Amino acid sequence: MGQDAPTPEDRLISRLGIPPDEAKALKVCLTQGQSSRRALVLTPRAPEGYIPPGAQTGSGEIPPWIGEGIYPVDETVPCDEDSCGAPGDYAEGYYYPLDLSSVWETAPLSQLPPPQRCLDMCAAPGGKSILAQARLRPGLHISNEIHPKRLGIMRHNLSRCGFFHMFTQRLRPDQWAAQAPECFDLILVDAPCSGHSMLAKGIPNPGCFHTSTISGNAKRQRGILLCALKTLSPGGHLLYTTCTYAPEENEKTVAWLLKRNQDMYAVETPALARFQVPSAPFPCYRLLPTAGLGAGGFTCLLAKKGSIPSRLPEIPEELLAWPVRER
């Protein structure tokens with residue numbers, strides 16, 4: 001009898017070029033959906049000295065890329081979709097829960113100085129914006145989300161957690177490029193993607209392995225990145241992240257961008273060295289759920305050649321029309 005035909009998972013895994021044992025373990029993660037691991041980010045509402053119940057605090061258990069005010073959750077603590085360990089504290093806005101891999105994705109930010117201005121271009125539900133606040137505390141921060149329902153969820157999350165110094169918007173990437181050229185020295189692009197990590201969390205994601213899904217997302221990501229670069233100041237940084245494992249949406253998208261923009265280069269993150277994508281000739285990193293650090297993802301920090309001006313171009317007042325307010 002012949003061998004069974006390769007599954008969609010098999011075809012993706014073969015493109016990652018990982019050892020057979022890890023490939024087998026990754027397929028288990030994708031088919032059994034038990035690889036999520038939570039982390040808690042403290043917010044401005046948290047009392048001084050507050051440590052969330054269930055948080056791991058032992059120095060030997062905390063990866064070096066975690067960051068101050070961010071806690072992995074003990075794996076024995078029950079977590080639902082929202083709260084984790086202390087539902088009452090969650091309701092008070094003391095912490096924001098997310099997958100540990102989201103914390104990993106923002107690790108490159110910790111090596112940067114606080115930016116004058118940060119734009120989170122694809123921000124809902126708000127986790128990357130909150131992590132940027134925890135790691136950098138930007139002088140001005142705008143969280144952008146084009147879809148009204150997701151924008152409402154994000155504004156609720158930011159308000160619940162007490163981020164009243166931030167602003168939100170709902171512009172398309174091309175509108176940002178036209179209205180705010182070179183206005184930001186930090187851009188976050190947590191790009192829409194095929195979302196393979198959803199399977200590792202046990203969330204159904206039909207069609208995520210299909211060639212048209214992956215290629216369509218890659219095309220969309222390139223368009224978003226090109227617009228984002230137009231809003232980026234000389235000397236500024238752009239953090240590109242996804243929650244998928246597909247090379248076409250990750251390192252190949254970054255390679256495409258670097259080839260067409262000679263003033264951009266990728267920045268090394270020493271704390272993530274063991275996650276370096278082996279096939280990429282520039283610093284970029286992939287986390288697979290087999291590492292036990294959450295559902296996985298991709299991250300790459302890009303920099304624009306030049307120096308950040310002491311005074312960035314003025315932002316049109318209408319882009320600051322939606323401050324986060326108390327509920």
Side-chain angles (χ1 to χ4, degrees), residues 1-37 98-102 104-105 107 122 128 189-226 239-260 266 269 272-302:
M1 296 180 62
Q3 292 183 336
D4 293 337
T7 65
E9 294 92 340
D10 293 329
R11 288 191 287 269
L12 168 67
I13 292 170
S14 69
R15 301 201 302 278
L16 298 179
I18 58 179
D21 287 349
E22 187 175 4
K24 184 177 180 180
L26 177 56
K27 187 170 182 178
V28 171
C29 292
L30 292 172
T31 55
Q32 295 188 6
Q34 299 177 353
S35 300
S36 183
R37 186 177 175 192
L98 33 63
D99 194 88
L100 183 57
S101 57
S102 292
W104 176 91
E105 290 169 8
C122 312
K128 294 298 193 302
V189 176
D190 188 35
C193 66
S194 54
H196 296 137
S197 69
M198 292 175 64
L199 298 178
K201 296 177 184 179
I203 302 172
N205 189 7
C208 67
F209 296 110
H210 199 283
T211 301
S212 63
T213 299
I214 292 173
S215 61
N217 277 310
K219 181 178 180 180
R220 184 182 183 189
Q221 291 153 1
R222 293 174 181 183
I224 293 172
L225 285 170
L226 288 177
L239 183 70
Y240 178 68
T241 58
T242 75
C243 60
T244 192
Y245 317 136
E248 296 83 357
E249 299 179 61
N250 294 328
E251 62 267 28
K252 291 186 178 181
T253 286
V254 175
W256 179 92
L257 189 74
L258 293 175
K259 183 177 180 180
R260 286 156 179 78
T269 302
L272 301 184
R274 76 182 182 97
F275 302 102
Q276 167 67 35
V277 176
S279 61
F282 50 84
C284 63
Y285 309 93
R286 178 161 33 244
L287 175 68
L288 295 175
T290 51
L293 299 170
F298 173 87
T299 189
C300 183
L301 180 65
L302 301 169

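In this text, all values refer to a predicted model and were calculated from it rather than measured experimentally. Note that these values count all heavy atoms, side chains included, but never hydrogens, waters or copies made by symmetry.
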Seminar exercise, completed: Here the pair of heavy atoms bringing Ala23 nearest to Ile13 is CB-CG2, 3.4 Å
Exercise. Side chain of Ser36, backbone of Lys201: donor and acceptor closer than 3.5 Å?
Worked result: no
Exercise. What closest approach, in Å, do Thr299 and Glu105 show between heavy atoms, and which atom pair accounts for it?
Worked result: OG1-O, 2.7 Å
Exercise. What pairs with Thr31 under side-chain contact (heavy atoms from CB on, under 4.5 Å), at least two apart in sequence or on another chain?
Worked result: Glu9, Lys27
Problem set entry | Non-neighbouring partners of Arg220 that pass side-chain contact (heavy atoms from CB on, under 4.5 Å), sequence neighbours left out | His147, Pro192, Ile224
For this session: Could you tell me the separation between the CD atom of Glu22 and the CG atom of Leu26, rounded to the nearest 0.5 Å?
Result: 7.0 Å
Exercise. Hey, what do you get for CG (Leu301) to OG1 (Thr269), rounding to the nearest 0.5 Å?
Worked result: 5.5 Å
For this session: With sequence neighbours excluded, give me every ring pair (Phe, Tyr, Trp, His ring centres under 6.0 Å) pair touching residues 272-302.
Result: Trp104-Phe275
Exercise. How long is the gap from SG on Cys300 to CG on Asn250, to the nearest 0.5 Å?
Worked result: 9.5 Å
Exercise. Which pairs, with at least one residue in residues 292-301 and sequence neighbours excluded, count as a salt bridge (Lys or Arg N to Asp or Glu O under 4.0 Å)?
Worked result: none
Exercise. If only atom types and distance count, is the side chain of Thr7 paired as donor or acceptor with the main-chain N or O of Asp10 below 3.5 Å?
Worked result: yes
For this session: Could you walk me through whether Leu16 and Leu288 pass the side-chain contact (heavy atoms from CB on, under 4.5 Å) test, one step at a time?
Result: CA-CA 10 Å; Leu16 298 179; Leu288 295 175; 4.2 Å; yes
Problem set entry | Flag, side chain of Ser197 to backbone of Ala295, donor-acceptor distance under 3.5 Å | no
For this session: Determine whether Arg37 and Leu293 make a side-chain contact, defined as any pair of heavy atoms from C-beta on separated by less than 4.5 Å.
Result: yes
Exercise. Under the side chain to side chain donor-acceptor pair (under 3.5 Å) test, which residues partner Thr241, sequence neighbours left out?
Worked result: Asp190
For this session: Might you point out which heavy atoms bring Ala246 and Leu12 nearest each other, and give the distance in Å?
Result: CA-CD1, 3.9 Å
Exercise. So which heavy atom on Asn205 is nearest to which on Gly195, and how close?
Worked result: ND2-O, 3.0 Å
Seminar exercise, completed: Across all chains, not counting sequence neighbours, the side chain to side chain donor-acceptor pair (under 3.5 Å) partners of Thr244 are Ser194, His196
Problem set entry | Partners meeting salt bridge (Lys or Arg N to Asp or Glu O under 4.0 Å) with Asp99 (sequence neighbours left out) | none
Exercise. Which heavy-atom pair separates Ala218 from Thr253 by the least distance, and what is that distance?
Worked result: CB-OG1, 4.1 Å
Exercise. In chain order, what residues pass the side chain to side chain donor-acceptor pair (under 3.5 Å) check against Gln34, with sequence neighbours excluded?
Worked result: none
Exercise. Could you give all pairs that pass the salt bridge (Lys or Arg N to Asp or Glu O under 4.0 Å) test and reach residues 240-257, with sequence neighbours left out?
Worked result: Arg15-Glu248, Glu251-Arg286
Problem set entry | Rounded distance [0.5 Å steps], SG in Cys208 versus CG in Leu30 | 8.0 Å
For this session: Give the minimum heavy-atom separation between Ser101 and Leu287, together with the two atoms involved.
Result: CB-CD2, 3.6 Å
For this session: Show your working on side-chain contact (heavy atoms from CB on, under 4.5 Å) between Phe209 and Leu199 and close with a plain yes or no.
Result: CA-CA 11 Å; Phe209 296 110; Leu199 298 178; 3.4 Å; yes
Exercise. Taking only residues two or more places apart in sequence or in another chain, which ones pass side-chain contact (heavy atoms from CB on, under 4.5 Å) with Ser14?
Worked result: none
Problem set entry | Counterpart residues, side chain to side chain donor-acceptor pair (under 3.5 Å), relative to Thr213 (two or more places apart) | none
Exercise. Between atom CG of Leu257 and atom CG of Leu225, what is the distance when rounded to the nearest 0.5 Å?
Worked result: 5.5 Å
For this session: Would you mind reporting whether Cys284 and Tyr240 have side-chain heavy atoms less than 4.5 Å apart?
Result: no
